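Below you'll find the structure, written out as structure tokens, and then a few comments.
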Protein chains: 2
Amino acid sequence: MEKSLPIPVLCRLSSLYDYLTNLHKKGVSRISSNELGMVLGQTSHTIRKDISFLGAAGTAGTKYSIDDLLALLTDRLGFNQVKKCCIVGLGRIGSALMEHFSVYDQQEFRLVAGFESNINRLETLHSPIALYPAYRIEEIIRQMRIELAMIAVPPQNAQEVADRCCGGGVTGILNFTPTVVKVDNEAVFIRSIDISGELRVLSALLHTSTTIIQQPFEKE
Amino acid sequence: MEKSLPIPVLCRLSSLYDYLTNLHKKGVSRISSNELGMVLGQTSHTIRKDISFLGAAGTAGTKYSIDDLLALLTDRLGFNQVKKCCIVGLGRIGSALMEHFSVYDQQEFRLVAGFESNINRLETLHSPIALYPAYRIEEIIRQMRIELAMIAVPPQNAQEVADRCCGGGVTGILNFTPTVVKVDNEAVFIRSIDISGELRVLSALLHTSTTIIQQPFEKE
């Protein structure tokens with residue numbers, strides 16, 4: 001029954017999990033694919049197809065049991081197995097991530113360590129999690145069996161830090177730098193969040209759409 | 001000559017712009033599509049195709065002039081026109097974004113205002129930019145002609161805040177909440193960065209890949 005899930009499906013199922021978790025907390029017990037589609041910005045067909053990947057059938061109009069769906073998602077996507085995370089680079093973004101995730105109440109991952117190369121900064125940071133100098137990355141990741149690393153270092157250091165995290169044994173990297181990070185190990189998954197890049201894309205979208213509107217006769 | 005750029009092309013051109021800007025600062029003057037492809041994680045063919053959207057031709061082996069490419073990108077994507085931005089929600093992530101972007105030295109956008117509904121928090125924040133209580137969102141956006149809004153409020157408030165930002169006149173929203181935000185106005189572009197969601201997707205990727213490796217005979 002195990003099928004490899006395409007990444008877009010996995011992303012949508014992850015959003016579904018987040019939304020259903022909130023509904024569950026509010027005491028809602030059943031929901032239709034139509035309602036889910038409306039909220040998640042997908043067609044009800046896509047919702048049913050995604051859910052069918054979990055092995056649960058649903059036809060148009062059917063209301064899914066939220067408890068059942070959450071149990072399936074939790075089991076299939078491994079959210080019942082806490083994954084240990086670390087953050088490398090405790091500048092503005094890194095520190096905010098540290099504060100954000102150290103109070104994060106989900107159970108699918110737990111922040112357990114932070115790394116920073118600037119020893120002076122390391123000494124001034126107040127943190128609910130253990131902090132270490134950056135030269136100990138590999139040692140601590142191996143010792144604590146950390147599986148996921150968030151990288152929030154200056155762009156020019158991103159590749160080296162990714163290599164060292166992989167050297168320690170992480171199998172997932174969330175890269176917050178604009179650097180395209182590569183690793184030799186195919187078992188390591190990398191996802192990137194380029195905040196300035198997203199803002200730049202938005203800025204370009206506004207510009208190109210305006211340009212087209214203003215010059216309709218020049219549009220191909 | 002104006003063509004509507006597909007969003008994936010626009011995203012890649014935006015990364016290209018970022019990388020070329022850094023090369024330019026380092027004094028590099030020419031680069032080939034092969035080298036660009038290596039760094040940006042694309043094939044050289046994709047790089048040449050993307051650049052052809054700008055109206056610049058290149059064949060395999062040709063070295064592009066970095067100055068020329070930057071001038072084309074700047075003009076075509078509107079990076080010479082500063083777009084004003086604001087941040088709504090100055091909690092952990094919002095405050096980090098505020099600090100990050102208030103020292104940001106690129107010229108394509110400028111952070112000019114922050115909004116926060118908690119008046120006590122507003123009074124304790126030290127900020128290089130102007131801060132306002134959240135009830136003034138529409139008024140200030142209109143008055144300052146702000147075009148882009150970053151939303152970092154609690155998920156349940158995201159839609160209302162997006163509506164009010166659009167009411168003030170923004171045409172681009174960068175949504176940092178997991179909420180799927182919708183606006184009626186088709187001229188408004190929305191992009192989302194769901195940090196916890198990305199971490200959850202990574203966590204699921206690790207799990208599903210491990211599951212498949214451990215259960216090869218059950219794989220379809």
Side-chain angles (χ1 to χ4, degrees), chain A residues 1-5 7 10-11 13-15 17-18 22 39-41 76-79 81 83 85 92-93 95-97 99-100 104 106 108-109 147-148 150 171-172 174 178 180 182 187 189 191 193-209 211-212 215 218-220, chain B residues 1-5 7 10-11 13-15 17-18 39-41 76-79 81 83 85 92-93 95-97 99-100 104 106 108-109 147-148 150 155 171-172 174 178 180 182 187 189 191 193-209 211-212 215 218-220:
Chain A
M1 249 306 292
E2 289 292 336
K3 279 190 286 189
S4 173
L5 291 172
I7 290 183
L10 210 146
C11 292
L13 288 175
S14 169
S15 302
Y17 174 82
D18 186 49
N22 288 329
V39 178
L40 299 173
R76 185 64 204 277
L77 303 184
F79 293 150
Q81 292 161 30
K83 310 234 172 19
C85 303
R92 291 187 193 89
I93 299 289
S95 300
L97 291 172
E99 288 189 51
H100 178 68
Y104 195 70
Q106 306 291 332
E108 60 268 31
F109 38 80
E147 292 177 86
L148 292 166
M150 289 181 261
T171 44
L174 188 49
V180 179
K182 278 167 268 189
F189 293 96
R191 291 184 67 85
I193 294 182
D194 176 2
I195 296 174
S196 306
E198 285 292 333
L199 208 52
R200 195 181 303 115
V201 166
L202 258 183
S203 161
L205 271 170
L206 303 196
H207 176 76
T208 51
S209 68
T211 312
I212 291 160
Q215 312 183 343
E218 296 190 21
K219 190 179 165 190
E220 278 201 8
Chain B
M1 248 307 291
E2 291 291 333
K3 280 188 284 190
S4 173
L5 292 172
I7 290 184
L10 211 147
C11 292
L13 287 175
S14 168
S15 302
Y17 174 83
D18 185 51
V39 178
L40 298 173
R76 185 65 205 272
L77 304 185
F79 293 151
Q81 292 161 30
K83 311 237 172 14
C85 305
R92 290 185 194 91
I93 298 290
S95 300
L97 291 172
E99 290 189 50
H100 179 66
Y104 195 70
Q106 306 292 330
E108 60 269 31
F109 39 81
E147 292 176 86
L148 292 165
M150 290 183 259
T171 44
L174 189 50
V180 180
K182 278 167 269 189
F189 293 96
R191 292 185 65 87
I193 295 182
D194 176 3
I195 297 174
S196 306
E198 285 292 332
L199 208 52
R200 194 182 303 118
V201 166
L202 258 183
S203 160
L205 271 170
L206 305 195
H207 177 77
T208 52
S209 68
T211 313
I212 291 162
Q215 311 184 344
E218 295 190 22
K219 190 180 162 189
E220 278 200 10

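Since the model is a prediction, treat every value here as computed from it, not as a measurement. Just so we're on the same page: letters track the sequence lines, and every chain starts at 1.
In this structure B/E147 satisfies the salt bridge (Lys or Arg N to Asp or Glu O under 4.0 Å) test with no other residue, sequence neighbours excluded. Listed by chain and number, the residues in a side chain to side chain donor-acceptor pair (under 3.5 Å) with B/S95 amount to none (sequence neighbours excluded).
Ranked by non-hydrogen atom pairs under 4.5 Å with chain B, the options A/D194, A/L40, A/V180 are led by A/V180. Across B/R191, B/K83, B/M150, B/Q81, the residue that shares the most heavy-atom pairs under 4.5 angstrom with chain A is B/R191. Your options are B/C85, B/G41, B/P155, B/A96, and the one with the most heavy-atom pairs under 4.5 Å with chain A is B/A96. Annotation: maximal heavy-atom pairing with chain B below 4.5 Å, among A/L97, A/L10, A/T171, A/I7, occurs at A/L10.
In this structure, the portions of B/L174 lying under 4.5 Å from any heavy atom of chain A include both its backbone and its side chain. For a residue to count as touching a neighbouring chain, one of its non-hydrogen atoms must lie under 4.5 Å from one of that chain's; by this rule B/F189 touches chain A with backbone and side chain alike. Interface remark: B/L199 contributes backbone and side-chain atoms alike to the contact with chain A (heavy atom separation under 4.5 Å).
Pairing each heavy atom of B/Y17 with each of A/R200, the nearest pair is CD2-CD, 3.7 Å. Considering all non-hydrogen atoms of both residues, B/S203 and A/L148 come closest at CB-CD1, 4.3 Å. Across all non-hydrogen atoms, the minimal contact from B/H207 to A/R76 is CD2-O, 3.1 Å.
The distance from the OG atom of B/S14 to the CD atom of A/E198 is 8.5 Å, given to the nearest 0.5 Å.
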